[in-house]
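In what follows, a single structure is set out as structure tokens and then discussed.
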Amino acid sequence: MAATTPRVSAVIFDLDGTLLDTERATRDVLNEFLAAYGKVPDKEKEERRLGQMYRESTTGIIADYGLPLTVEEYAVAIYPLYLKRWQKAKPLPGVERLVKHLHRNGVPLALASNSVRRNIDHKLLKLKDWKDCFSVILGGDQVPRGKPSPDIFLEAAKGLGVNPSSCLVIEDSLVGVQGARASGAKVVAVPSLQSQRQHYSIADSILYSLLDFHPELWGLPPFEDRIQGALPIEQLFLNAQIGHAISKSLHMVIAGDCTYEYVPDQISGIFFGWAKPEAGGVSRSVISIGWDFSLRTVERVMENISQALAITDEDQAIARDALDLPVFSEHAKL
């Protein structure tokens, strides 16, 4: 294993959809803006725009919907709507844990986004103190060409003082993955759109969430926060009914200081904790939260045993033993 483990010396992160859930937070902005012109967004076209440079995306929107605006007029009109929604964006699951772990262990970090630098600075306010973990921050307006060109990754590696081939890039968009590969870096994809996973095969690894990231597989310092095979995470308080497909926006999730009005796409795996049935009392619970790809449309599911992620005997044994430990059992009181 040691002979084949790729060794990287620096990590480059994308921002939107990778560190922050800005894409979902701003999903209704275009609907609201186009409604004033009697237009409705085309889902397929908007999915293809994911990760594009701002000017490219804006030019496409104006052309596709026949808007009587220049790029500059469009930017001025829609910017206040985005600025308001960015304030609602949340860090995605596993992000803070990974960024702080790498920074604490002296791994050089960069942030490379197709967003213009002014917008990046607004969004970084949501990262609080740990935005300072990044020694290089680049926007799409600071390089000759944005993703899928490799320019921004080459410039980020230069700023970090490392060879691009020694970098690991973590991306959610296909254009980002393409640009990272073109730079010569290794790539981990955490797709924003699970229905598009089949298009990410050029990545070295595809994850559902950064909670699934194992640094040691890339020659980076391993996490040491698992307890008897279980990973303590910020508590998730979920009001969804177990045993049903999860509606896109009907179930509130509270994760630490973050309150989501939906189940984030990046929450996926076998989770255990405590449930409060309608009949009363508190009981131990092991559930799978994932995706069911067997249907014509990809469905989000959460069940005790689901087609998406089967709960094994080992999962149940780990959960049973862990829930007896104080670090987990104390949450039954909540």
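For reference, positions follow the sequence shown, starting with 1.
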*In a check of side-chain contact (heavy atoms from CB on, under 4.5 Å) between Leu154 and each of Ser149, Cys167, Ser183, which one passes?*
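The residue from Ser149, Cys167, Ser183 that satisfies side-chain contact (heavy atoms from CB on, under 4.5 Å) with Leu154 turns out to be Ser183.
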*Test side-chain contact (heavy atoms from CB on, under 4.5 Å) applied to Val188 and Leu168, Ile206, Asp212, the passing residue*: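 Checked Leu168, Ile206, Asp212 against Val188; only one passes side-chain contact (heavy atoms from CB on, under 4.5 Å): Leu168.
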*For a ring pair (Phe, Tyr, Trp, His ring centres under 6.0 Å) with Tyr74, tell me which candidate from Tyr79, Tyr37, Tyr82, Phe33 qualifies.*
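When ring pair (Phe, Tyr, Trp, His ring centres under 6.0 Å) is applied between Tyr74 and each of Tyr79, Tyr37, Tyr82, Phe33, only Phe33 qualifies.
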Decide yes or no for [X] and [Y]: does some side-chain heavy atom of the first lie under 4.5 Å from some side-chain heavy atom of the second?
X	Y	value
Pro41	Tyr65	yes
His103	Trp130	no
Ser329	Leu323	no
Thr22	Lys123	yes
Ser135	Leu109	no

*Hey, what do you get for CG (Leu210) to CG (Asp172), rounding to the nearest 0.5 Å?*
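Between Leu210 CG and Asp172 CG, I get 10.0 Å after rounding to 0.5 Å.
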For [Y], is there an ion pair with [X] - N to carboxylate O distance below 4.0 angstrom?
X	Y	value
Asp64	Lys39	no
Asp141	Arg55	no
Lys90	Asp21	no
Glu32	Arg85	yes
Asp324	Arg320	no
Glu46	Arg49	yes

Side-chain donor or acceptor of [X] paired with backbone N/O of [Y] under 3.5 Å:
X	Y	result
Trp274	Phe328	yes
Asn163	Ser165	yes
Asn114	Lys147	yes

*Going by atom types alone, do Thr312 and Asp315 pair a side-chain donor with an acceptor below 3.5 Å?*
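Distance-only check passes for Thr312 and Asp315.
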*Verify the distance criterion only: is there a donor paired with an acceptor across the side chains of Asn119 and Ser115 at less than 3.5 Å?*
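No, no side-chain donor-acceptor pair sits under 3.5 Å.
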*Mark yes when over 12 heavy atoms from residues, nucleotides or ligands other than Glu314 sit less than 6.0 Å from its CD; otherwise mark no.*
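At most 12 heavy atoms, drawn from other residues, nucleotides or ligands, come within 6.0 Å of this atom.
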*Measure up the Phe13 and Phe134 rings against each other and bin them: parallel (under 30°), tilted (30 to 60°), perpendicular (over 60°).*
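Phe13 vs Phe134 ring planes: perpendicular.
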_side chain to side chain contact (heavy atoms under 4.5 Å, CB included), that's the test. Do Val11 and Ile170 meet it? Break it down for me._
CA-CA 8 Å; Val11 179; Ile170 300 179; 4.0 Å; yes
*If you draw the axis of the six-membered ring of Phe153, does the NZ or CZ of Arg181 fall within 45° of it and under 6.0 Å from the ring centre?*
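Cation-pi check for Arg181 and Phe153: fails.
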*asked:* Does Arg284 qualify as a cation-pi partner of Phe272, given the criterion of NZ or CZ under 6.0 Å from the six-membered ring centre and within 45 degrees of its axis?
replied: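 No - Arg284 does not lie over the ring of Phe272 by the 6.0 Å and 45° rule.
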